[in-house]
Amino acid sequence: MRQAGTYSGILSGGLSGKTGPHSLPLARIKKIMKKSGDDVKMISGEAPIVFSKACELFIEELTQRSWMITIQGKRRTLHKEDVASAVTATDIFDFLVNLVSNSSHSMDINPVEIENN
């Protein structure tokens, strides 16, 4: 008999404590996954669930780091400049530096531009 895998807790909502609907739309995640390359043709039903949880964790981590910058600035509202500062101050977010480095003032991003990249 097969043992429960590493992701079985995620798939059943065990790590987040939720067993209901996912926070992020799975159909949208699957669409993004399929757009990632011509070689990606088939995606199992569980893969978008794992990606959904990974996205949630990513958003939580970036928000926490951004919030610390907000608090250091003696403010109570998180601004896009705080997110940009968190990205530039944290090595693990280096892949986002180009997104925020142009200028923290001009982070007005066109969603179509992101989808086409």
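On a predicted model such as this, the values are computed, not experimentally measured, just so you know.
- The ring-ring contact (aromatic ring centres under 6.0 Å, His included) contacts involving residues 52-93 comprise F58-F93, where partners must be two or more places apart or lie in separate chains.
- Within the 4.5 Å cutoff, side-chain heavy atoms of K53 are placed close to those of L57.
- Follow the hydrophobic side-chain contacts under 4.5 Å out from I32 and you never reach I49; the two are in separate clusters.
- Across all non-hydrogen atoms, the minimal contact from K41 to K34 is O-CE, 4.0 Å.
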Exercise. What's the verdict on side chain to side chain contact (heavy atoms under 4.5 Å, CB included) for E61 and T90, showing C-alpha distance, side-chain angles and the deciding distance?
Worked result: CA-CA 11 Å; E61 181 69 23; T90 309; over 6 Å; no
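- Summarising the geometry of C55 relative to L24, their closest heavy-atom pair is CB-CD1, 3.3 Å, with the distance given to 0.1 Å.
- Hydrophobic clustering (ILVMFWY, side-chain heavy atoms < 4.5 Å, transitive): V87 and M68 are in distinct clusters.
- For CG of D94, the number of neighbouring non-hydrogen atoms (other residues, nucleotides, ligands) closer than 6.0 Å is greater than 12.
- With values rounded to the nearest 0.5 angstrom, E46 atom CD is found 13.5 Å from S52 atom OG.
- By the side-chain contact (heavy atoms from CB on, under 4.5 Å) test, D39 pairs with no residue at all, sequence neighbours left out.
- Distance check, rounded to the nearest 0.5 Å: CG of D82 to OG1 of T63 gives 11.0 Å.
- Between T77 and T70, the closest side-chain pair of non-hydrogen atoms is not below 4.5 Å.
- Partners of S85 under the side chain to side chain donor-acceptor pair (under 3.5 Å) rule, at least two apart in sequence or in another chain, do not exist in this structure.
- With sequence neighbours left out, M33 forms a side-chain contact (heavy atoms from CB on, under 4.5 Å) with I29, I43, A47, P48, F51.
- The minimum heavy-atom distance linking L78 with S66 is given by the pair CD1-CB, 3.6 Å.
- For the atom pair NZ (K74) and CD (Q72), the distance works out to 9.5 Å, reported to the nearest 0.5 Å.
- Follow the hydrophobic side-chain contacts under 4.5 Å out from V97 and you reach I59 in the same cluster.
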